[in-house]
Amino acid sequence: MISGDGGGNRSDYCKGNTAGEIAAGPGSKDIFVQLVISLVLGISAFVAFCILRPRWKTLYAARKRHSDPQIALPTLPDSFLGWIPALYKVTEEQVLASAGLDAFVFLSFFKMSLRLFASMLFFAAVVLWPIHSTFDAGTTNDSPENDSIHTSLLYSDQRHRMTSLGHVLEDTDPEKSKSYLRAYLVFTWFFSLLTMYFMNSETIKVIKIRQDYLGTQSTITDRTFRLTGIPRDIRSEEKIKKFVENLEIGHVRSVTLCRKWAEIDALMAERRLVLRKLEEAWSVYLAQPPAVGVTPGDHQHGVVDDSAQEDNTRDDEYQEDGGLLAGDTIRGLIAERPRPKVRVRFGFLHIRSRKIDALDYYEEKLRRLDDKIRDARRKEYTPMDSAFVTMNSIAACQMAIQATVDPRPGELLSKPAPAPTDVIWKNTYAPRYKRRLLSWAITIFIFFLSIIWLFPVVALAQLLSICSIEQVWPSLAATLKRHEITKALVQTGLPTLVVSLLNVLVPYLYDYLSNMQGMVSQGDVELSAISKNFFFIFFNIFVVYAVSGSAALSDFWSIIGDSLGDTRTIATKIALSIQHLNSFYLNFIMLQGFGLFPFKLLQFGSISLYAIYRMGAKTPRDFAELVQPGLFNYGFYLPTALLVFILCLVYSVLPGAQIVLLLGLCYFALGYFVYKYQLLYSMDQPQHATGGAWPMICGRIIVGLVAFQIVMIAFLVLRAVFIEAAFIVPLIVLTFWYNYSRRRFTPLTRFIALRSIKRASDPGSESHPDRDPNQVQQETRLSRRMSTIDEDREKGLKFVNPSLIVPLEEPWIYQDPPPLIEESSTESNTGSISGNGEIRTVTPQNGSNGLGSVSSSFSLGDTHIWQESGDNNV
């Protein structure tokens, strides 16, 4: 590349079109700096985790384990590294029993990637490496500054392996043999077919385990389907029940017709807000010291005089109801504490305001909200066009889901129901046209947002490129040229860090947009977030960089303009830029694997935010929420792993493939252990997608295969070996055909096959009498003894809007949470009927009439408080 002599010879340093290459294609010293930085960060975080893990078990072992001792997760030892072998020994059956299908599918992708890239690494090192060493060596004229990192790691007697492809492409010597390029053709076919084989084998395995897992459990979700497009003439629970039973597929256990519950949902949301404000006011009140001149001793050890005798007389009276008033000492202190105030605005345009007692204000507001909620629960709401129908068997439910119920298009459509805890109830009563319009609007917005992301990246690229810095700040550019380590940090560390930060922050935006699309379940939101985040990462980090020819993107728009007139321009840029970007992507994989995975294991974000949240926590509810396990969001982690998978495919045949595959192997090995620990021990995954991410994973792998094949065609065409390039075209056709043929797997990844549902007699034994029944039972029962994690989650749950039946919470003032207020059976209209037509209600556990949700909780002398602070009341 470039020598580092001063800053005055810009014509030598930034001549031609090499600015992008300089910014994104650093030499071996730059890569070595990135490797050292990544290892230092990763090792530091890993050592910190090993030290803190046995000390902070509320954070690193927060996830509840399975109740069955025969399949419970092993307790990890507290030794420094002893937890690693124990974690490795956790079997797939234990993962299924403890974390569910979604976690199993997620980890299966990492295990498949490990097997695939280990196989590809063997052939790349044994066959392709010698070919690259023989035919691709000696074609570079770079300075010693750019000795490839592969020289110091693997090539003890060779140089310039990874940086030689650009010169190979530019070599036009007709006497030099190009027959070795046939190996590129052969291994493009071989690696593509090998990827399809591993993906197909893993798909069959995932489907088999999914069918056996869902077929051997019995949850309300498995017996419930969602009916949409219900005509107005049958929008009642009784008519829907009669309609479904007339289909003669089974008996209906219960029907929950979705209604327009916007009023009750809004009241419950407002109540939660007021409840938190009331708890905060109580926490501020109790945290204040007593008034001046009043001490705890004044209520226990007063001086013996007339006034003291009067105080003792009062204390004796207060002891009569001490159980309600929490003791005379606390009562006395509370009676003397200054009460918190809140400013309330009123009058025309809320111009006037007044400070009033905060406790009284929020108590009264909460009491009125409780009355409104009870009235709202007794109302009859407008029925909508969707319902949850629970059948008496899984087979009956699956027949309803997989069948076409009505001959009219768009009416009476049956779909799998999400888990009761997974339902987003506010979207169940939203009109279908509104949800579709909102979904399309957000999708279009995200598409344009991905385009808009180019502009800040281009602006940033002008600062990251050495040549661009020289135009704006020549002295800084000269300094960077003289100091190799600083230049390496700017060229290598800073671009990779910026891309990694975007990769961390942007998913939060897309997750928010996914939640705004009107989807009915959190599982669908999770899958949508995976799709959106992958599109952002693949388009902005791979496609745009490959088209522009540099990670700087400074010449992106000019390249697009030239490509519109000559398609060979974009083909040339793709082939050249893929090699120019190899160091950038190597740095990206190193930082993601060696540098950031240990920080994910450490949960550095949770630790950092804990200190902030701890300072802002006031109420017992706030402190209880601080110790809750973190949530594992697949949409944040899976897209990056898919991008690394695609990068390993694209570089699997090019010079230096063994280094890329080795880093990819390390990435997926570290990711497998980190995510396995988090999914099993430290983080919760409340989503319930029943392995729905696997078809999405396979679809993105197909995208990676096509990108890999297009890059190889561009490379071979520019090397003027058109016959070899032409033979890759059928491979692209074969890849599309394989993707089309995968449609046969789709029903098995969405539904439960009727034959998979286990009954009293095992159908596998009846259809295969020659097989050992004990062997068949062992294969299908997944080593389970009691229940699955889904059965434990859904025990006692029903498809009812929680706003209609959830007990009203009392303010949480002390360390122990208060009891819930049960609603009476005559006050809640859930709109759900059971199989015999009776209304399903919540049975109260006491004789309370459900009134006075606040009065019973304020037993801290509130009667006396009202008397003593009457001047502050309005």
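Reckoned from all heavy atoms, side chains included, excluding hydrogens, waters and symmetry mates. Note that the structure is a prediction, hence the values are computed from the model and not measured.
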Any sub-3.5 Å donor-acceptor pair from [X]'s side-chain atoms to [Y]'s backbone N or O?
X      : Y      : value
Glu279 : Arg621 : no
Asp422 : Pro418 : no
Arg210 : Thr690 : yes
Thr443 : Ser439 : yes
Tyr634 : Ala103 : yes
Lys426 : Gly518 : no
Ser528 : Val525 : no
Trp812 : Tyr814 : yes
Asn427 : Met519 : yes
Arg614 : Leu609 : no

Query raised in the report: Going from OG on Ser98 to CZ on Phe104, what distance comes out if it is rounded to the nearest 0.5 angstrom?
Result: 13.5 Å

Report summary line: Rounded to the nearest 0.5 Å, the CZ atom of Phe445 sits from the CD1 atom of Ile442 at a distance of 9.0 Å

Check whether any side-chain heavy atom of [X] sits under 4.5 Å from a side-chain heavy atom of [Y], and report yes or no.
X      : Y      : value
Leu87  : Lys676 : yes
Tyr60  : Tyr677 : yes
Ile697 : Phe106 : no

Is [Y] paired with [X] through a side-chain N to carboxylate O contact shorter than 4.0 Å?
X      : Y      : result
Arg276 : Asp622 : yes
Lys57  : Asp78  : yes
Lys618 : Glu625 : no
Arg271 : Glu809 : no
Arg115 : Glu202 : yes

Query - Worked check of side-chain contact (heavy atoms from CB on, under 4.5 Å) between Trp694 and Phe109 - result: CA-CA 8 Å; Trp694 185 254; Phe109 168 65; 4.1 Å; yes

Once you measure the plane-to-plane angle for [X] and [Y], does it fall in the parallel (<30°), tilted (30-60°) or perpendicular (>60°) bin?
X      : Y      : value
Trp282 : Tyr285 : perpendicular
Phe117 : Phe645 : tilted
Trp83  : Phe46  : tilted
Tyr637 : Tyr675 : tilted

Query raised in the report: Between Leu638, Thr640, Leu642, which is the residue that forms a side-chain contact (heavy atoms from CB on, under 4.5 Å) with Phe534?
Result: Leu642

Query raised in the report: Are Phe604 and Phe599 an aromatic pair by the rule of ring centers under 6.0 Å?
Result: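 Between Phe599 and Phe604, which both carry aromatic rings, the centre distance is below 6.0 Å.
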
Query - Evaluation steps, side-chain contact (heavy atoms from CB on, under 4.5 Å), between Phe536 and Asn533 - result: CA-CA 5 Å; Phe536 166 78; Asn533 289 327; 5.6 Å; no

Query raised in the report: Are Ser514 and Asp511 close enough that a side-chain donor and a side-chain acceptor fall under 3.5 Å?
Result: no

Query raised in the report: For Gln517 and Lys532, does a side-chain donor sit closer than 3.5 Å to a side-chain acceptor?
Result: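 Looking only at side-chain atoms, Lys532 and Gln517 do form a donor-acceptor pair, the distance falling under 3.5 Å.
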
